[in-house]
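Single-structure report; data block below.
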2 protein chains.
Amino acid sequence: MSDLLERLRSRGWRLTAQRRVVAEVLDGDHVHYTADEVHAKAALLLPEISRATVYNTLGELVSLGEVLEVSTDGRAKRYDPNAHHAHQHLVCSRCGTIRDVHPAGDLLAGLPAEERFGFRLSAVEVTYRGLCPECATAG
Amino acid sequence: MSDLLERLRSRGWRLTAQRRVVAEVLDGDHVHYTADEVHAKAALLLPEISRATVYNTLGELVSLGEVLEVSTDGRAKRYDPNAHHAHQHLVCSRCGTIRDVHPAGDLLAGLPAEERFGFRLSAVEVTYRGLCPECATAG
DNA sequence: TCCTACATTGGACTTTGTCTAAGTCAAGAT
DNA sequence: ATCTTGACTTAGACAAAGTCCAATGTAGGA
């Protein structure tokens with residue numbers, strides 16, 4: 001995410017402390033925070049930041065294609081900054097840990113023509129589920 | 001879902017009018033209703049049925065493995081009665097229509113060992129996205 | 001028929017997210 | 001350096017989706 005702010009500014013984004021802090025929170029690998037988690041972490045750096053601003057900023061980052069929305073549990077959406085590298089998700093059924101993974105082959109090709117019902121396919125999302133090493137040994 | 005009620009009774013389910021009605025609503029192909037939709041349709045058959053009962057009953061059906069929870073849009077969960085036939089979902093990006101589909105091959109095998117991070121895989125969920133024929137021609 | 005454990009109910013409550021009116025400020029213009 | 005202005009932020013009200021609970025009702029066995 002290092003050059004993210006520059007990229008956004010060149011697209012006409014006004015650079016505010018709030019947006020800087022949200023971008024900073026989203027920096028890293030295997031980051032999949034909920035909006036509330038982003039808000040909590042952002043508030044450590046900038047205590048006055050409001051929930052609405054976090055929601056706004058996340059929404060803008062998604063629209064701009066810089067961040068992906070992931071909903072692996074039907075609860076709160078999670079935000080994945082790794083949008084520039086196609087990937088899927090591996091989720092622990094017990095503790096909820098999420099890892100980015102890279103399946104082999106062309107996933108779209110897996111759906112035969114007669115199973116497409118005339119749809120024009122554009123994307124595919126895959127969620128692998130299982131037990132992570134810690135949860136598997138813990139019983 | 002015809003023999004569903006018998007199957008459930010043999011598992012110790014108490015058979016009430018409310019549960020019968022919820023099961024009836026979930027009967028059919030390509031059914032993916034939200035809890036609220038199930039409640040609305042159930043209320044046509046049994047006006048006094050409460051939202052809490054619909055949520056309870058759906059939750060029980062999911063625990064018993066008779067119905068699957070699907071969340072394709074990050075909003076309300078949807079309930080898919082087609083739980084005894086493995087399948088995936090094809091969703092229209094514009095109108096939200098959902099179809100059950102059957103991809104070819106072993107989906108779990110698509111994730112290489114070095115991408116499994118030591119997880120013991122047990123399931124995979126795939127959502128194909130694209131435009132349905134109606135939305136594609138509508139522009 | 002009666003009993004009772006299980007099921008249902010309505011409403012309060014929680015979580016997650018959206019909206020708005022009023023105030024604030026980044027960045028270009030002067 | 002200061003001004004100006006439209007974009008940004010804020011707090012809090014609101015909405016949607018779902019959970020919880022105490023009181024009431026009832027399916028099905030005795």
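Note on naming: letters A, B, ... go to the chains in the order of the sequence lines (proteins, then strands), and numbering restarts at 1 for each one. Keep in mind the model is a prediction, meaning the values are calculated, not measured.
Counted by atom type alone, D80(B) and H87(B) present one or more donor-acceptor pairs between their side chains at under 3.5 Å. If you check the side chains of N82(A) and H30(A), you find no donor sitting under 3.5 Å from an acceptor.
If you measure from atom CZ of R11(A) to atom C1' of dA7(D), you get 18 Å, rounded to the nearest angstrom. Distance CG (D36(A)) to C1' (dT18(C)): 14 Å, rounded to an integer number of Å. Residue N56(A) contributes atom CG, which lies 10 Å from atom C1' of dC19(C) at whole-angstrom precision. The distance from atom NE2 of H39(B) to atom C1' of dG18(D) is 13 Å, rounded to the nearest whole Å. In this structure, W13(A) places its CH2 atom 16 Å from C1' of dA27(C), rounding to the nearest Å. In this structure, R75(A) places its CZ atom 13 Å from C1' of dG17(C), rounding to the nearest Å. The distance from atom CD1 of I49(A) to atom P of dA11(D) is 10 Å, rounded to the nearest whole Å. Atom C1' of nucleotide dG18(D) and atom CD of E37(B) are separated by 15 Å, given to the nearest angstrom.
Among the heavy atoms of the strands lying under 4.0 Å from T53(B) is at least one base atom, whether or not backbone atoms are also near. If you check every strand for non-hydrogen atoms under 4.0 Å, A76(A) touches sugar and phosphate atoms only. At the heavy-atom level, R51(B) lies under 4.0 Å from base atoms of the strands shown.
Under 4.0 angstrom from either OP1 or OP2 of dT9(D) there lies at least one side-chain N or O belonging to R19(A). At dC25(C), none of the side-chain N or O atoms of Q18(A) fall inside 4.0 Å of OP1 or OP2 (strictly under the cut-off). The side chain of Y55(A) places an N or O atom within less than 4.0 Å of a non-bridging phosphate oxygen (OP1 or OP2) of dG17(C). Contact annotation: T16(A) side-chain N/O to dT9(D) OP1/OP2 distance is under 4.0 Å.
The L15(B) side chain lies nearest to dG28(D) when the options are dG28(D), dG11(C), dA16(D). Across dT9(C), dG18(D), dG12(D), the shortest atom-to-atom separation from the side chain of A52(A) is found for dG12(D).
Here CZ of R129(A) is found 12.0 Å from CG of L131(A). Values are rounded to the nearest 0.5 Å.
Both L26(B) and L46(B) belong to a common hydrophobic cluster when Ile, Leu, Val, Met, Phe, Trp and Tyr are linked at side-chain heavy-atom distances under 4.5 angstrom. Following chains of ILVMFWY side-chain contacts shorter than 4.5 Å, one cannot reach V70(A) starting from L107(A), and the two form parts of different hydrophobic clusters.
Looking at which nucleotide of DNA chain C each of T57(B) and K77(A) is closest to, the 5′-most match is held by T57(B). If you find the closest nucleotide of DNA chain D to R9(B) and to A35(B), the one lying nearer the 5' end belongs to A35(B).
Judged by atom type and distance alone, R14(A) does not reach the base of dC8(D) through any side-chain donor-acceptor pair under 3.5 Å.
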